[in-house]
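Report on the structure given below.
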Amino acid sequence: MPQNVLIISTSPRKNSNSDALAEAFAEGARSAGHRVEIISLRDKTINFCKGCLTCQKTHRCIQHDDADTIAQKMLFADVLCFATPVYYYAVCGQMKTMLDRANPLFSANYAFRKVYLLATAADETPSAMDGVLKDMEGWVACFPECRIAGMVRGTGVINAGDIKSKIMLLRESYELGHDC
């Protein structure tokens with residue numbers, strides 16, 4: 001059955017390595033017949049959460065910026081996929097801010113059941129991704145109906161486009177998208 005797949009690419013860099021993983025995931029999902037939307041945070045206006053908790057009653061944020069619109073799209077997606085560069089062994093700030101701003105979903109009847117994580121880092125060791133995975137696990141733990149269904153650890157890429165030489169990582173991302 002076709003799923004609604006929402007991919008949120010969080011890199012501030014155009015044509016980034018994590019963008020390439022997101023595109024491969026999208027291609028795989030489309031090839032399986034899923035409906036796919038990719039949102040890049042690069043050019044979005046996303047303010048910090050104010051911590052007022054109004055969204056817990058209204059299921060909408062009091063701030064009417066791009067994060068409010070994206071959170072509403074997240075609410076109705078069957079599958080969420082986040083693509084992030086690794087900054088200081090954690091998700092990038094843009095992703096963390098968006099996750100915080102998804103607070104209206106906490107008490108809502110969200111549709112997503114699977115969450116995927118695509119991450120890229122200059123560090124070549126697989127453990128470079130441990131903090132990113134921990135960040136995502138913390139967010140997913142707040143949504144008991146969903147789980148982390150897969151992750152691509154794109155290590156050893158620093159310059160935009162480096163990921164293109166890592167064919168196996170692009171293939172892994174495509175396959176995750178296809179099987180989501």
Original post:
Taking NZ, NE, NH1 and NH2 as the nitrogens, is one of them in Asp123 or Arg153 under 4.0 Å from a carboxylate oxygen of the other?
Top reply: no
Original post:
Hey, are Arg60 and Asp68 close enough for a salt bridge, meaning a charged N less than 4.0 Å from a carboxylate O?
Top reply: yes
Indicate, with yes or no, if [Y] and [X] share a hydrophobic cluster defined by side-chain heavy-atom contacts under 4.5 Å among Ile, Leu, Val, Met, Phe, Trp and Tyr.
| X | Y | value |
| --- | --- | --- |
| Leu117 | Val115 | yes |
| Met129 | Leu21 | no |
| Met136 | Tyr110 | yes |
| Ile70 | Leu80 | yes |
| Leu75 | Ile46 | yes |

Which atoms form the tightest heavy-atom contact between [X] and [Y], and what is the distance?
| X | Y | answer |
| --- | --- | --- |
| Ser31 | His178 | OG-CD2, 3.0 Å |
| Arg101 | Cys61 | NH2-SG, 3.2 Å |
| Val86 | Ala128 | CG1-O, 4.0 Å |
| Asp19 | Arg13 | OD2-O, 3.6 Å |
| Thr10 | Cys92 | OG1-SG, 3.2 Å |
| Ser18 | Ser11 | OG-CB, 3.5 Å |

Less than 4.5 Å apart, side chain to side chain, heavy atoms only: is that true for [X] and [Y]?
| X | Y | result |
| --- | --- | --- |
| Val152 | Leu176 | yes |
| Pro12 | Leu41 | no |
| His34 | Cys180 | yes |
| Lys44 | Met98 | no |
| Thr155 | Leu169 | no |
| Glu175 | Arg171 | yes |
| Lys114 | Cys146 | no |
| Met74 | Ile8 | yes |

**OP:** Evaluate side-chain contact (heavy atoms from CB on, under 4.5 Å) for Asn4 paired with Val36, printing each intermediate quantity in order.
**Re:** CA-CA 6 Å; Asn4 290 318; Val36 177; over 6 Å; no
Under 3.5 Å, is there a donor on one side chain and an acceptor on the other for [X] and [Y]?
| X | Y | value |
| --- | --- | --- |
| Ser127 | Tyr89 | no |
| Arg42 | Ser40 | yes |
| Thr45 | Asp65 | no |
| Asn17 | Asp162 | no |

**OP:** Go through the steps for Ile7 and Ile39 under the test side-chain contact (heavy atoms from CB on, under 4.5 Å), then give the verdict.
**Re:** CA-CA 6 Å; Ile7 302 168; Ile39 296 174; over 6 Å; no
Nearest 0.5 Å, please: how far is [atom2] in [Y] from [atom1] in [X]?
| X | Y | atom1 | atom2 | result |
| --- | --- | --- | --- | --- |
| Glu23 | Arg30 | CD | CZ | 6.5 Å |
| Glu145 | Asn109 | CD | CG | 8.5 Å |
| Met95 | Thr84 | CE | OG1 | 5.5 Å |
| Asp100 | Asn47 | CG | CG | 12.5 Å |
| Ile158 | Ile163 | CD1 | CD1 | 13.0 Å |

Original post:
Quick check, are the ring centers of Tyr116 and Phe82 under 6.0 angstrom apart?
Top reply: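 No, too far apart.
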**OP:** Decide yes or no on ring-ring contact (aromatic ring centres under 6.0 Å, His included) for Phe112 and Phe143, but give the supporting numbers first.
**Re:** CA-CA 9 Å; Phe112 55 92; Phe143 299 94; 5.4 Å; yes
**OP:** Step through the shown structure and confirm whether more than 12 heavy atoms of other residues, nucleotides or ligands are within 6.0 Å of CG on Asn159.
**Re:** yes
**OP:** Could you walk me through whether Gln56 and Leu53 pass side-chain contact (heavy atoms from CB on, under 4.5 Å), step by step?
**Re:** CA-CA 5 Å; Gln56 295 302 292; Leu53 299 178; 4.3 Å; yes
**OP:** Go through the steps to decide whether Trp139 and Phe106 satisfy the test ring-ring contact (aromatic ring centres under 6.0 Å, His included), and finish with yes or no.
**Re:** CA-CA 10 Å; Trp139 188 79; Phe106 179 73; over 10 Å; no
Original post:
Does Gln3 use its side chain to pair, donor to acceptor, with the backbone of Ala77 at less than 3.5 Å?
Top reply: no
Original post:
Taking it one step at a time, do Cys81 and Leu6 satisfy side-chain contact (heavy atoms from CB on, under 4.5 Å)?
Top reply: CA-CA 6 Å; Cys81 177; Leu6 180 62; over 6 Å; no
